[in-house]
Number of protein chains: 2
Amino acid sequence: MTKKQRQKATLAEVAAMAEVDVSTVSRVLRGQSEQRIRAETKERILEVAKKLNYRANYTARALRMSRTFTLGIVVPQLDNPVFSAAIRGAENVAAKNGYSLLISHRDPGDAGTTIAKLSQMNRVDGLLVASLDADEVLRSDLAEANVPYVLLNRQLPGTALSVVLDSREAARRATEYLISLGHLRIGHLGGRPGGFNAQERLAGYKMALEAADIAFDPSLVTMGDYTFSAGRESVRELAKTDATAIMAATLVSAAGAMAELRLAGWQLPQEMSVIALHDALFAEMLFPALSTVMMPTEEMGRVAADLLISKLSGADPEPVLALPPGRLIVRDSTVAPRSGARTSK
Amino acid sequence: MTKKQRQKATLAEVAAMAEVDVSTVSRVLRGQSEQRIRAETKERILEVAKKLNYRANYTARALRMSRTFTLGIVVPQLDNPVFSAAIRGAENVAAKNGYSLLISHRDPGDAGTTIAKLSQMNRVDGLLVASLDADEVLRSDLAEANVPYVLLNRQLPGTALSVVLDSREAARRATEYLISLGHLRIGHLGGRPGGFNAQERLAGYKMALEAADIAFDPSLVTMGDYTFSAGRESVRELAKTDATAIMAATLVSAAGAMAELRLAGWQLPQEMSVIALHDALFAEMLFPALSTVMMPTEEMGRVAADLLISKLSGADPEPVLALPPGRLIVRDSTVAPRSGARTSK
DNA sequence: TAGGTATGAACAAACGATTGTTCAAGATCA
DNA sequence: TGATCTTGAACAATCGTTTGTTCATACCTA
């Protein structure tokens with residue numbers, strides 16, 4: 001049984017066995033200021049440490065250094081592929097830098113409690129915050145935080161650190177692609193009217209139209225939120241128009257739109273092309289498989305964690321980092337428009 | 001600016017302001033052994049603590065009590081809805097009990113490191129472990145753990161604590177439903193041949209057939225793993241048979257099967273009914289919307305966290321807890337077979 | 001050879017809580 | 001009134017590190 005060996009060995013035990021002081025052991029094991037230690041002593045200590053399978057007690061270290069080497073991430077939803085990707089990215093970077101990731105799901109209801117709890121109890125050194133809340137709500141939540149934080153895909157006027165996706169460019173690219181297929185009447189299934197990202201996407205959509213000399217028609221734009229059911233509802237408006245293609249703000253609303261159209265008897269993609277921003281496995285699972293502009297959400301998580309860690313290390317990084325959209329992924333949901341447009345249904 | 005107030009107040013500061021000893025403050029704030037404290041003193045301390053917005057320093061407490069009040073959860077994938085649901089459940093229960101949840105994504109590659117790292121550094125009091133690894137790999141990983149752990153939807157002979165879903169009953173129920181629709185030739189799109197859960201599902205499938213006096217036909221069973229592409233491949237076998245319905249092990253493989261059949265020109269659900277185990281939002285996004293037997297994965301997370309916490313509190317709970325499957329959710333992917341079966345394609 | 005500088009390691013003070021023990025003063029009793 | 005018991009709170013040790021300071025020894029230099 002090696003059980004005994006696995007039990008936590010303390011610095012004191014290593015010190016005793018190596019017949020030196022704990023401080024010496026600590027210095028050797030930390031690897032810093034090696035100058036002041038005889039090679040022979042160092043070796044002896046290293047040997048004993050290995051034999052005892054010594055691991056620094058994380059808690060003691062955290063107390064002494066008043067740093068927990070833990071990052072918290074607060075997300076509104078855990079099952080949204082966008083957030084899980086961000087979490088994965090953040091976790092990777094955190095781990096790579098010796099940090100752990102504390103996850104905290106926060107229902108839009110319980111304002112602030114999570115952020116406050118994590119940061120005020122000194123559980124985390126910093127916070128990664130993704131929120132769907134309105135600006136004021138988020139702002140007042142963050143006021144409770146007594147640690148540095150980075151916002152995910154969100155911008156809040158002020159000095160807050162943020163990592164944002166370039167929704168505008170992504171929207172532009174998606175729209176541009178539809179145009180390149182020959183579509184002239186392109187609907188936009190957008191996000192919440194007030195939201196920053198919704199505006200950005202709309203702007204990108206307009207840019208693409210403009211570049212192609214297509215007049216912007218407000219009746220082709222419907223705003224909802226980012227849910228499946230909102231997608232279904234919104235698309236009913238577009239179905240009444242002569243749109244031949246839809247650029248959707250996100251995967252799930254695109255899925256809603258396709259489901260609804262199909263139920264109404266439309267042939268997809270022949271009668272309506274659909275493209276969405278963001279990409280995930282299930283874009284491929286839809287029928288027709290959904291064309292998308294991939295958004296680097298995992299990288300957003302990585303970059304945010306990086307930013308936070310560098311901030312924690314004393315750096316003073318750029319407050320806002322924008323990530324370019326990823327590549328266009330053409331699947332089966334986008335085709336050239338048929339010569340004769342469908343009249344209505 | 002209330003900034004100053006928000007800075008971490010220590011026990012000593014509260015004690016000083018209330019003109020008592022730290023130990024007294026601690027006792028009052030812990031709420032234990034209240035007997036030995038004058039009501040008046042207690043009140044004064046409480047008042048000061050509130051004024052100073054005192055929060056116990058989590059790290060100091062952890063060191064002193066040698067408990068971190070943190071649970072670790074190790075998952076193989078972060079974007080799989082099954083795991084995110086489990087995480088959500090675990091996080092809820094953890095939070096409710098004053099624990100935090102440390103998340104750790106563990107690629108099937110880096111054997112053991114994660115578990116060892118978390119537990120040997122005293123970062124967590126216990127571990128929730130979800131793994132797709134083979135038994136021996138998992139077992140050797142766990143040998144490194146020097147904290148209690150609970151396995152998620154996995155059983156490992158021995159005394160390990162587990163929470164498992166009743167895959168057998170779920171499979172039975174799904175199959176039973178297909179039979180009730182009139183299907184007699186039912187295919188099963190299963191999981192990894194060696195896996196415990198795969199066996200269970202197969203057993204449930206057989207039970208339902210038997211109960212309906214339908215002979216078991218091995219050629220109607222194909223095993224793969226739980227991915228989209230595996231679903232596509234496996235279903236080709238079934239397409240060659242006279243099966244009129246498929247009971248799939250999980251959502252994504254069902255989605256793969258549907259995608260493949262459709263590409264091959266099948267009419268769904270008329271020519272092939274499909275039902276899957278597990279439920280998530282995207283079952284509704286598929287076309288036709290996928291019928292499922294819901295599996296309580298979120299509850300699995302909750303129960304597992306509960307189990308772990310009770311174990312940490314000194315209880316000696318049942319090693320294996322089985323959760324009954326949830327209800328049958330009938331959507332559009334399952335219909336009665338047509339009188340004349342499709343011959344082939 | 002005496003005085004000064006490196007060198008290597010021990011000493012000791014935190015970090016901020018929890019908790020067993022001690023102790024002064026007031027209450028109780030004979 | 002003196003001895004004993006309660007009560008309320010202070011004292012003090014401890015958890016396992018990190019890190020500034022002290023200190024003995026050996027080494028130089030003059």
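To find a chain, count down the sequence lines: A is the first, B the second, and so on, and within it residues start at 1. Bear in mind that the values here come from a model prediction, so they are computed numbers and not experimental data.
Residue Arg36(A) contributes atom CZ, which lies 14 Å from atom C1' of dA10(C) at whole-angstrom precision. Whole-Å rounding puts the Tyr54(A) OH to dG16(D) P distance at 10 Å. Rounded to whole Å, atom C1' of dG16(D) lies 9 Å from atom CG of Leu63(A). Look at CD on Glu19(A): it is 16 Å from C1' on dG8(C), rounded to the nearest Å. Computed from coordinates, the Asn57(B) CG to dC15(D) P distance equals 18 Å when rounded to whole Å. Atom pair Arg61(B):CZ and dG16(D):P shows a separation of 18 Å (rounding to whole Å applied). Between the CZ atom of Arg30(A) and the P atom of dG20(D) there is a distance of 15 Å, rounded to whole Å. Taking atom CG on Asn122(A) and atom P on dG16(C), their separation rounds to 9 Å, with Å as the unit.
Here the closest non-hydrogen pair linking Gly72(A) and Val124(A) is N-CG1, 3.6 Å. The shortest heavy-atom contact between Val48(B) and Ala18(B) is CG2-CB, 3.9 Å. Of all heavy-atom pairs spanning Tyr54(A) and Ala9(A), the tightest one is CD1-O, 3.1 Å.
In the set dA9(D), dG16(D), dA10(C), dG16(D) carries the atom at the smallest distance from any side-chain atom of Ala60(A). Side chain of Ala56(B), nearest nucleotide from dT19(D), dA17(C), dA9(D): dA17(C). For Asp21(A), counting side-chain heavy atoms from C-beta on, the closest listed nucleotide (dG16(D), dA12(C), dA17(C)) is dA12(C). Side-chain atoms of Leu11(A) lie closest to dT17(D) of the nucleotides dA9(C), dT17(D), dG16(C). Looking at the side chain of Thr10(B), the nearest of the listed nucleotides dA17(C), dG16(D), dG8(C) is dA17(C). For Thr24(A), the side-chain atoms get nearest to dA10(C) when compared with the rest of dA10(D), dT19(C), dA10(C). Considering only the side chain of Thr41(B), dA9(D) comes nearest among dT7(C), dA9(D), dT17(D).
Within the 4.5 Å cutoff, the side chain of Asp135(A) has heavy atoms near those of the Arg154(A) side chain.
For the pair Ser66(B) and Val22(B), nearest-nucleotide mapping onto DNA chain D gives the more 5' position to Val22(B).
For Arg123(A), the side chain to side chain contact (heavy atoms under 4.5 Å, CB included) partners at least two apart in sequence or on another chain are Leu102(A), Leu118(A), Met121(A), Tyr58(B), Phe69(B), Thr70(B), Ser100(B).
Look at Arg38(B) and you'll find a side-chain N or O under 4.0 angstrom from OP1 or OP2 of dA9(D).
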**OP:** Run the numbers on Asp316(A) and Lys311(A) for side chain to side chain contact (heavy atoms under 4.5 Å, CB included), then give the verdict.
**Re:** CA-CA 6 Å; Asp316(A) 196 15; Lys311(A) 169 85 176 177; 4.2 Å; yes

Subject >> Verdict with supporting geometry, Val28(B) and Val20(B), side chain to side chain contact (heavy atoms under 4.5 Å, CB included) >> reply: CA-CA 11 Å; Val28(B) 168; Val20(B) 293; over 6 Å; no

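Under the 4.0 Å criterion applied to side-chain N and carboxylate O atoms, Glu47(B) and Lys51(B) are not assigned as salt-bridge partners.
If you check every strand for non-hydrogen atoms under 4.0 Å, Tyr58(A) touches nothing. At a threshold of 4.0 angstrom between heavy atoms, the contacts of Arg67(B) with the nucleic acid are absent.
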Subject >> Contact letters for nucleotides 20-26 of chain C, in which S counts primed atoms plus P, OP1 and OP2 and B counts the base, heavy atoms under 4.0 Å >> reply: BB-----

